[in-house]
Number of protein chains: 2
Amino acid sequence: MDLSERQLQILQAIINDYVENAEPVGSRSIAKKYDLGVSPATIRNEMSDLEEMGYLTHPHTSAGRVPSDKAYRLYVNTLMKKKNLSAKEKKMINERLDASRDEFDRTIRHAAELLSEITNLASFAMTPATNDETISFIRLMPVDERTLILMIVGESGNVTNTTLRINCPCTQEQLELLSKNMTVQYKGRTLDDALKSDIIEDVGTDIEAMGQLRGNVMPSFMKTLEDMLNVNLYMEGMTNIFNLPEYSSIDRARDFMELFARKDWFTQKMLARDDGVVVTIGEENDSLKDCTLITATYHVDGKLVGKIGVIGPTRMKYGEITSIMEYLTNNLSETFKLTDGSERKEDEE
Amino acid sequence: MDLSERQLQILQAIINDYVENAEPVGSRSIAKKYDLGVSPATIRNEMSDLEEMGYLTHPHTSAGRVPSDKAYRLYVNTLMKKKNLSAKEKKMINERLDASRDEFDRTIRHAAELLSEITNLASFAMTPATNDETISFIRLMPVDERTLILMIVGESGNVTNTTLRINCPCTQEQLELLSKNMTVQYKGRTLDDALKSDIIEDVGTDIEAMGQLRGNVMPSFMKTLEDMLNVNLYMEGMTNIFNLPEYSSIDRARDFMELFARKDWFTQKMLARDDGVVVTIGEENDSLKDCTLITATYHVDGKLVGKIGVIGPTRMKYGEITSIMEYLTNNLSETFKLTDGSERKEDEE
DNA sequence: TGTTAGCACTCACATGGTTAGAGTGCTAAT
DNA sequence: ATTAGCACTCTAACCATGTGAGTGCTAACA
């Protein structure tokens, strides 16, 4: 059943008011603040209907109405107006973002910080997933007689290295040979793929010393691959939520914090392969039944993909926040798209 | 003025009781639980004296006594018995610590996690400071025509790398030459030292292309040096403090969280050049007037240095916690001392 | 028939008074 | 010097009451 124009107006008014003040909103205050041309009594009747349809709830008889998840969902899907960021806001974001293609980690962390500052919510951001990254080359370098550096380089410039110790001395030549062998073997394969295959004996281990060296190196190689696959998750602004009335009780705050400390939960959330801004409201989340999670995807060369997100009570400024996140991720994607030098940023300033 | 034997006993009893129960302790309960052979009235008199001397306070007239910072200080300096860890506890720590010389970051993060789990407090841990690390070599490697990897390797096996873009193509030979030049220039110098000196034109820039390349690389080089200097700070177990009665008020909890979110504050705390286990109680801290901070130092080759710490209310199990931290840091230092292969851990298990 | 005024009713919350209990501090007896 | 006894203090819990915001219903109205 569809809602009448007036019902929509009233619902919107209730949502606006509740998002603003975090307190159950009564018919009288709606009638006063929003000029709907009807009396509180009429609004009461409509409210009653809206409640029956599941858009509003009632903490107790003599309290005002509170929007339900269903109401927010309707709001986000149809009622919400995206906020156009002002030039000043855009400028602020551009300046603060300080994005650089070469430093995913720093950029992403800054994005999370910025996001939580602007929204006054808790935020998190994930560095690009590298499942599809392909290996470009592998190199082994000596540090001292028994210590060497193993370095894996991906096609898009991802680099990870480990220092490892070996139990037998080896020569520079052996290291170079093994580097070459391994590069031949793994070049062009994705990290995922490389990690799965445990073809240790594939390549000719003609000399015994070489076999031994390889045996020393392989475990570290696998561990380094794993490192390279691991995304970093940055979480910022968790103390912001203390300022929200919904978390003025210690138990609620604790619950939130405990969830927020569970990085793995977020990581899992982030791995969903959706695109753009996604809003998950209240019960739509499995945990977090009273929180809304908004994520937005950014792109790296259209190939790798990462996310930023905010989390807060279902009562949040959806229009504003989704707009900010959209702008922010577009900005990130733009920065991460360039392959012809890193000059763009300087040009703009 | 010195305290009498009996006063010390009473003070110790009060501290024990308060640390255990977090509630002001009265004369009667002391007399009952601890067999001091005197009546509550006598204990009351002594308490009164102890309060006059500043070891105890009184939330209000009809409440029991609470130890002051001064009392805890006395306790830590003279009364406290270090707890001998049981074989089981040691084994647990050894197993869980999972220390490896090659992976400072992971090891240190695990140490922080472990520490907060054992103590039920918030913990933090700092990766080794690398101010004194000396540069071993510098290498530049091509990824594609305009992208290259800059790698700085320290004498003790520290490696940091950056991917950077250059605005002019260059040859493999040029990269190798520049690597060599830079290595000659910086080898043996500490990171601190290298960062300070901006001798950009020192080395022969005979060919113009080389000068240009160098100009492209140097800013990234400096930034990478900075990266290499930066210690990582891991913080764990902050939600533990929600379980403590002193943080059952939302305001106290918020204050704590806000401080805990200020990594810079901890970093600064950590940079103090003290050694071993250091206990800083209440007012002795500049912020955190009602918290105790315990830090402990671990060593890497006796040269580089890092710290782990716990933070909680002044009411904490000093004896137990300091012992655990001592054991833990010894364990870390031991792992980080070895230079003759990484076999030790396996030997022990 | 939709809208509205009016009014009884509900419920959370604040206020204030009372009580119980834990603990002190003092005094006088041991 | 120690202790029993007792008056005194103060918090926390409990209860009773009042207040006000807000609803839901009914009857009047346009």
Side-chain angles (χ1 to χ4, degrees), chain A residues 1-11 13-15 17-18 20-68 71 245-246 248-250 252, chain B residues 3-11 13-15 17-18 20-68 245-246 248-250:
Chain A
M1 192 204 345
D2 267 8
L3 297 181
S4 72
E5 186 59 31
R6 192 169 68 188
Q7 284 175 323
L8 287 175
Q9 277 178 2
I10 291 175
L11 188 57
I14 293 173
I15 292 176
D17 205 79
Y18 187 70
E20 190 73 31
N21 305 311
E23 261 163 40
V25 8
S27 53
R28 228 176 89 82
S29 67
I30 291 290
K32 244 195 288 184
K33 279 194 233 173
Y34 303 84
D35 199 19
L36 301 179
V38 288
S39 77
T42 310
I43 294 177
R44 269 207 293 285
N45 289 331
E46 297 285 28
M47 278 173 151
S48 190
D49 291 351
L50 285 168
E51 179 159 7
E52 209 167 305
M53 288 185 273
Y55 291 104
L56 297 175
T57 46
H58 230 178
H60 56 85
T61 339
S62 71
R65 299 310 211 287
V66 172
S68 67
E246 21 271 285
S248 59
S249 120
I250 192 80
R252 304 288 304 275
Chain B
L3 297 180
S4 71
E5 186 59 31
R6 193 169 67 190
Q7 283 175 324
L8 287 175
Q9 277 180 2
I10 291 175
L11 187 58
I14 292 172
I15 292 176
D17 206 79
Y18 187 71
E20 190 72 31
N21 305 312
E23 262 163 39
V25 7
S27 54
R28 227 176 88 84
S29 66
I30 291 292
K32 246 196 284 185
K33 280 194 232 172
Y34 303 82
D35 200 19
L36 301 179
V38 289
S39 77
T42 311
I43 295 178
R44 270 206 293 285
N45 289 331
E46 297 284 28
M47 278 172 148
S48 189
D49 292 349
L50 284 168
E51 177 158 9
E52 209 167 306
M53 287 185 274
Y55 291 103
L56 297 176
T57 47
H58 230 176
H60 56 86
T61 341
S62 71
R65 299 310 212 288
V66 172
S68 67
E246 21 271 286
S248 59
S249 123
I250 192 81

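Naming: A, B, ... by sequence-line order, numbering from 1 per chain.
Distance OG/B:Ser4 to CG/B:Asp49: 8.5 Å, rounded to 0.5 Å. Going from atom CG of A:Leu11 over to atom CG of A:Leu56 covers 6.0 Å, rounded to the nearest 0.5 Å.
Taking atom CZ of residue A:Arg28 and atom P of nucleotide C:dT4, one finds them 15 Å apart after rounding to whole Å. Here the P atom of nucleotide C:dA22 and the NZ atom of B:Lys33 are 13 Å apart, to the nearest Å. Following rounding to the nearest Å, A:Arg6 (CZ) and C:dG2 (P) show an atom-to-atom distance of 10 Å.
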Residues 22-33 of chain A side chain polar contacts: donor-acceptor under 3.5 Å, at least two apart:
| from | atom 1 | to | atom 2 | distance (Å) |
| --- | --- | --- | --- | --- |
| A:Ser27 | OG | A:Arg44 | NH1 | 3.2 |
| A:Ser29 | OG | A:Gly26 | O | 3.1 |
| A:Lys33 | NZ | A:Asp17 | OD1 | 2.7 |

Please list, one pair per line, the donor and acceptor atoms closer than 3.5 Å that link side chains of residues 58-68 of chain A to other protein atoms, with sequence neighbours excluded.
| from | atom 1 | to | atom 2 | distance (Å) |
| --- | --- | --- | --- | --- |
| A:His60 | ND1 | A:Ser62 | N | 3.4 |
| A:His60 | ND1 | A:Ser62 | OG | 3.4 |
| A:Arg65 | NE | A:Glu51 | OE1 | 2.6 |
| A:Arg65 | NH2 | A:Glu51 | OE1 | 2.9 |
| A:Ser68 | OG | A:Gly54 | O | 2.7 |
| A:Ser68 | OG | A:Tyr55 | O | 3.2 |
| A:Ser68 | OG | A:Lys70 | N | 3.3 |
| A:Ser68 | OG | A:Ala71 | N | 3.3 |

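Partners of B:Glu46 under the side chain to side chain donor-acceptor pair (under 3.5 Å) rule, at least two apart in sequence or in another chain, are B:Arg6, B:Gln7. For B:Glu246, the salt bridge (charged side-chain N to carboxylate O under 4.0 Å, His left out) criterion is met by B:Arg315, not counting sequence neighbours.
Contact annotation: B:Ser62 side-chain N/O to C:dG23 OP1/OP2 distance is not under 4.0 Å.
Annotation: proximity of residues 42-52 of chain B to DNA chain C (heavy atom, distance under 4.0 Å) is found for B:Arg44, B:Met47, numbered in ascending order.
A 4.0 Å heavy-atom criterion places the boundary nucleotides of DNA chain D facing chain B at D:dT2 to D:dT11, written 5' to 3'.
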Worked verdict on A:Leu50 versus A:Leu3 for side-chain contact (heavy atoms from CB on, under 4.5 Å): CA-CA 9 Å; A:Leu50 285 168; A:Leu3 297 181; 4.0 Å; yes
